[in-house]
Amino acid sequence: QVQLQESGPGLVKPSETLSLTCTVSGGSMNTYYWSWIRQPPGKGLEWIGYIYYSGSTNYNPSLKSRVTISVDTSKNQFSLRLTSVTAADTAVYYCARGAGWWGDWGQGTLVTVSS
Amino acid sequence: QSALTQPASVSGSLGQSITISCTGTANDVGGFNLVSWYEQHPGKAPKLMIYDVSHRPSGVSYRFSGSKSGNTASLTISGLQADDEADYYCNSYTSTNTYVFGSGTKVTVV
């Protein structure tokens with residue numbers, strides 16, 4: 001059973017860059033898609049985007065100008081960068097395995113955008 | 001990219017069956033058999049319950065079933081149990097090669 005674990009700062013200042021890493025254990029990253037999904041407090045889920053193990057990406061159009069997802073299969077990690085953050089980016093950020101449906105999820109990490 | 005429409009809440013008694021709807025358009029739910037459903041308990045990560053409209057992952061109870069008609073997908077929970085009380089979200093692939101979640105439904109077991 002693959003396990004995913006998000007890591008990164010829990011507090012980011014407005015206009016700065018949010019950076020998170022997801023570490024995958026218990027399985028190879030090869031041949032899979034890897035995704036980021038977020039959930040503002042008390043609200044619904046939002047798909048951010050995914051990356052294939054080989055590096056191709058696909059992003060939510062509403063975030064595309066600010067999002068970069070990258071992968072390092074040698075470290076069994078993939079990462080999320082979100083630039084120019086505002087309070088609206090405050091959310092629990094989940095990493096997950098898959099592209100169209102997600103069977104394995106990390107526990108999620110709360111990122112708060114505040115000065 | 002607007003969220004798919006789900007009822008805010010659905011309730012049922014122990015042992016009853018309930019159905020949660022997920023309404024989109026021909027550009028998402030109606031156009032592809034790529035709808036999935038997730039159960040989320042408070043403070044927990046979502047759990048995949050149904051994928052590709054009606055397929056149940058290994059380990060998910062047979063009490064959960066999915067279907068689709070036109071632009072509306074549905075999740076049915078039969079034999080409602082106390083532990084089914086949670087939030088449920090649908091998700092669909094779209095014609096722009098992206099994915100969109102539903103607005104979410106809170107299921108209450110009365």
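Lettering follows sequence order; numbering is per chain, from 1.
At a heavy-atom cut-off of under 4.5 Å, chain A is reached by no residue from residues 7-30 of chain B. Within residues 28-49 of chain A, the residues having any heavy atom less than 4.5 Å from a heavy atom of chain B are, in residue-number order, A/I37, A/Q39, A/K43, A/G44, A/L45, A/E46, A/W47.
B/L75 and B/Y99 are assigned to two separate hydrophobic clusters, defined by single-linkage of ILVMFWY side chains at heavy-atom distances under 4.5 Å. Hydrophobic clustering (ILVMFWY, side-chain heavy atoms < 4.5 Å, transitive): A/V111 and A/L82 are in one cluster. In terms of hydrophobic clustering, with Ile, Leu, Val, Met, Phe, Trp and Tyr side chains grouped at heavy-atom distances under 4.5 Å, A/V71 and A/L63 are assigned to a common cluster. B/L48 and B/I77 are not part of a single hydrophobic cluster, where members link through side-chain heavy atoms under 4.5 Å apart. Criterion: ILVMFWY side-chain heavy atoms under 4.5 Å apart, direct or through other members. Under it, A/V67 and A/V85 are part of a common hydrophobic cluster.
Listed by first and then second residue, the salt bridge (charged side-chain N to carboxylate O under 4.0 Å, His left out) pairs that reach into residues 90-115 of chain A are A/R97-A/D104, sequence neighbours excluded. Residues in residues 48-65 of chain B take part in these salt bridge (charged side-chain N to carboxylate O under 4.0 Å, His left out) pairs, two or more places apart or across chains: B/R63-B/D84.
With a 4.5 angstrom heavy-atom cutoff, A/W105 touches chain B only via side-chain atoms. Interface residue A/Y50: only side-chain heavy atoms are found under 4.5 Å from chain B. Within the 4.5 angstrom heavy-atom criterion, no atom of B/Y93 approaches chain A. Heavy atoms of B/P46 lying under 4.5 Å from chain A belong to its backbone as well as its side chain.
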Would you sort out whether A/Y59 and B/T98 count as a side chain to side chain contact (heavy atoms under 4.5 Å, CB included), showing the intermediate values?
-> CA-CA 7 Å; A/Y59 301 133; B/T98 58; over 6 Å; no
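In plain terms, the two heavy atoms of B/A45 and A/G106 that are nearest each other are CB-O, 3.3 Å. A/Y94 and B/Q40 make their closest contact through OH-NE2, 3.2 Å (heavy atoms, listed as atom of the first residue, atom of the second, distance).
The CH2 atom of A/W101 sits 10.0 Å away from atom NE2 of B/H55, with the distance rounded to the nearest 0.5 Å. B/N97 contributes atom CG, which lies 4.5 Å from atom CG of A/N58 (distance to the nearest 0.5 angstrom).
The number of heavy-atom neighbours closer than 6.0 Å to CD of A/Q3, taken from other residues, nucleotides and ligands shown, is 12 or below.
Remark: side-chain polar atoms of B/Y51 are not paired, donor with acceptor, to backbone N or O of A/G100 under 3.5 angstrom.
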